[in-house]
Engineer: 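Before we start, here is the structure in question, set down as structure tokens.
The first residue of the sequence shown is numbered 1, and numbering continues consecutively from there. In listed order, ligands and their atoms are each counted from 1.
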Amino acid sequence: MALSNKYNAADSEKKWQQFWDQEGIYAFDEQSDKETFSIDTPPPTVSGKLHIGHVFSYTQAEIVARYQRMLGKNVMYPFGFDDNGLPTEILTEREKGIKGSQMPRAEFVKNCEEVSEKYRAQFKDLWQSLGFSCAWESAYSTISEKSQRISQRSFLDLLERDKVKYNQSPTLWCTKCQTSFAQAEVDDVNKGTIFNYLNFKSADGEDIPIATTRPELLPGCAAMFIHPENEKYKHLIGQDATVPLFGHKVKILADEKADPEKGTGIVMCCTFGDVTDIDWWREHELEMNVCFSLEGIMNERAGEFEGLTIDEARTAIIAKLKEENIIFKQEDLAAETRVVNTHERCGTPVEYLPTKQWFIKVVEHKEELLAQGEKVNWFPSFMGKRYRDWVENLGWDWAISRQRYFGVPIPVWYAPDGTVVPASPEQLPVNPLVDKPLDCKGYDPETLIPESDVLDTWATSSSTPELNSRWGEEDELPQIRPMSMRPQAHDIIRTWAFYTIVKSYFHFNDVPWKDAVISGHVIKKDQQVEAQKVEGKAFARKSKISKSKDGDRFSPLAMIANHGADQIRYWASSGTLGTDIAFDEDEIEGSSKLLTKLWNSTRFAEGFLENFDASAPMPTLTAVDKWVLTRFDEVIKAYHKAFEKYEFFPARNALEQFFWSDFCDNYIEMVKHRLYGDESAEDAKAARWTLYKIQLGIIKLFAPYMPHICEEIYQDVFREREGDKSVHISLLPSVPAEAICETGKKAGALLLELVTLVRTYKSKNNYSMKLAVETLSVEASEEDQVLINLIVEDLCGVCKIAELAKVAVAEPWEGSNDRFKLAVKMDEDALLRTELVADIKKVILPIKQANGLKSKSPVKAIVVQADDQYLELLQAEPGQLKAAARSEEVHFNQEGLEYTEAREGLAITLIIE
Ligand SMILES: [Zn+2]
């Protein structure tokens, strides 16, 4: 089968996607004893439409999967969807116009399932359109029955190992989402506010000034603190103070955390304004004076302000404090100077409310978790520091219970005395709201209170290695743990990477994967790339492209329709690992030239391979063949070396450079004279063999990046000879050792240099490149003379040189260089012939015009009348005459025709039909 004139991406992509699917090309073979490479694919959150950022990071891992498969490994490239949890709830509420809190739980869950089903289909559609080589048959969803079972199994295992705890303690709380959340879900936001200076009163009536941004917490005041060395106020330590407006008395205590330089030097401690308040509450065993509800409404402690929201209460309390002259000063705090902790999902400021929650104990295991991080290979390596920084600064245990609906139920019940009654392994998955424990631990089942909270979505998605290996299931694949590779973006190192490491450590005392491969984000073109130097979440949040802000501008399906999947993939592979990339649609366009060149270079090669026998032994190669094969070997090695570090961009660059320059521009040009010459000659066989090996090798090396066009080319041109069902399960190319030759490499480079010099000579003298050279005289070092001997035939063939003289050059051409002295003697006959043809051309056009033809119109024959001095010369190369007249035939000196003179002794006529 021959390649068509032009590659049609739209048809080809669909065709091969179906082929791969039908033939099961990417299936993971569970029985195989080949080396396994397993990928812990990030299950995307089902939270709305897709954007180009998804394409960017997922494509990079996809390229690695294809590369590993072509190393001959048994690749497990699963796919999953993270569709449980708050993001799906929010999406469902938005899409269906419903509220989870205002309908029966089962009905809401049903709605969530419908919505996530719809978005799962969209994701799958996109990945298939991009030609992803996932094993779709084993795709999981984090809300499926099996996932729930494994997630609950994980919880029960942690419970048994005493790695989880259930207690009443201050929790990060969102009054809007009505749930607790984890430290990793806190987003720092700059926000201005007012600093209020106001007075408490001592028992003696002395003013005790404090400064606060949150006067609405006054009813929750539990103590005041002064630094023990604070000369100005330390006399107050030990006394009582009266809280303004609310009138309750609190103790004035000493603590070194009360900075004398900050505010007034005296601090009020409330339930709870910040993490310091919580530390003081613990250390000084203060009362818990909660003054608003979980919904963020002021409670009875707030007296006349009861029933107001937190924000309303702040305004009203400030007004009242001013009215009573208790506030004596106010300062504006600019947004740049003040950071507020907010809930990342909704932007609501964090509150710290005491609730009963489940936590995974991470703070007491910091050292071990740091050590686990050291065992993982981070790519790029500096990402390991991000993990380390996060773990070193952990202040909270990992809160995993959520007061939500669409999630994996926490598999426990509570006895009247507070004892936790866990589900039994054999009854998973379990819903405590519906089911009863198999083992009631001696309690009356009717008295057991079911847990109504669900697990946070991270508590399940952190078990992806367990989900992929089907931990505890009948068809478990323990051999894939630890997995080979975890691809993920840098902003979720503190969540997903960290949590996964926690789980694997507690369950298996092992790392979840050998390599963590961290991608960047796609940022908008106008964003300063310099900002990438800023480490951490703040940057990633600020600028990454997201659906909510950028709408359909970057809709991946629209872009695939416009450009083709291979082009989008090629763009995605231009990122450097761990670094954000600016999105520029023009760059996607750039790869279309490469696709066209790949197609056309194969079409060219195909023209010479009709009778090629791929199984025949390697012919005797010339130095030039060895040169290009040795270069190819270097490129293949560089390609592997880059992929070992997951650096797909440098791998691609080396390959692309070789393809355009060494192979297309140079090698093919150097061997055209052999390809067009006698097919049975040994050097023609060598050129064909080299052409075949490299063209096929290039297609294979590009295949991980551009799977569709490479498959099309492979199937049409190579499959019959190669035998592999698909290029994607063939092995990457290698060059036979006999073809690798350092001398050949040097000789090839020398040939290129000489050809360039001769070509420059011809072009400076306005000679056609095809014009023959009678003698090329070359003066070179002895060492170079040896190399020249290796490439004489190709040099003469390429430059049309009749004789190469290796002599001392008396009058070198000025284009000679330090290495070579050259003298060029053009073929006089050829020069004269060129002149004659030029004169003939001048009269062809008027004749054609007189006959109503255009200059390029073909004619039947050109007839030349020439005297003896010209006849022989023109008869020697009739091709030039045919080309000049666009005629099928050439005749000489025919009688009875009317000729037009071109120069003295030379005339022509045209036979039109
Ligand atoms: Zn929230």
Engineer: Are Phe81 and Phe79, when compared by the centres of their aromatic rings, separated by less than 6.0 Å?
Structural biologist: yes
Engineer: For the NZ atom on Lys366, are there more than 12 heavy atoms of other groups (residues, nucleotides or ligands in this structure) within a distance under 6.0 Å?
Structural biologist: yes
Engineer: Taking 2.8 Å as the upper limit, name the protein N, O or S atoms near the Zn ion (ligand 1).
Structural biologist: Cys174 SG, Cys177 SG, His343 ND1, Cys346 SG
Engineer: Could you tell me whether Trp173 and Tyr352 have their ring centroids closer than 6.0 angstrom?
Structural biologist: no
Engineer: Please confirm whether the ring centroid of Trp396 lies under 6.0 Å from the ring centroid of Phe359.
Structural biologist: no
Engineer: Given the side-chain rings of Phe123 and His54, with only the six-membered ring counted for Trp, is the space between their centroids under 6.0 Å?
Structural biologist: yes
Engineer: Without swapping roles, check the side chain of Asp83 against the backbone of Ile143 for a donor-acceptor pair under 3.5 Å.
Structural biologist: yes
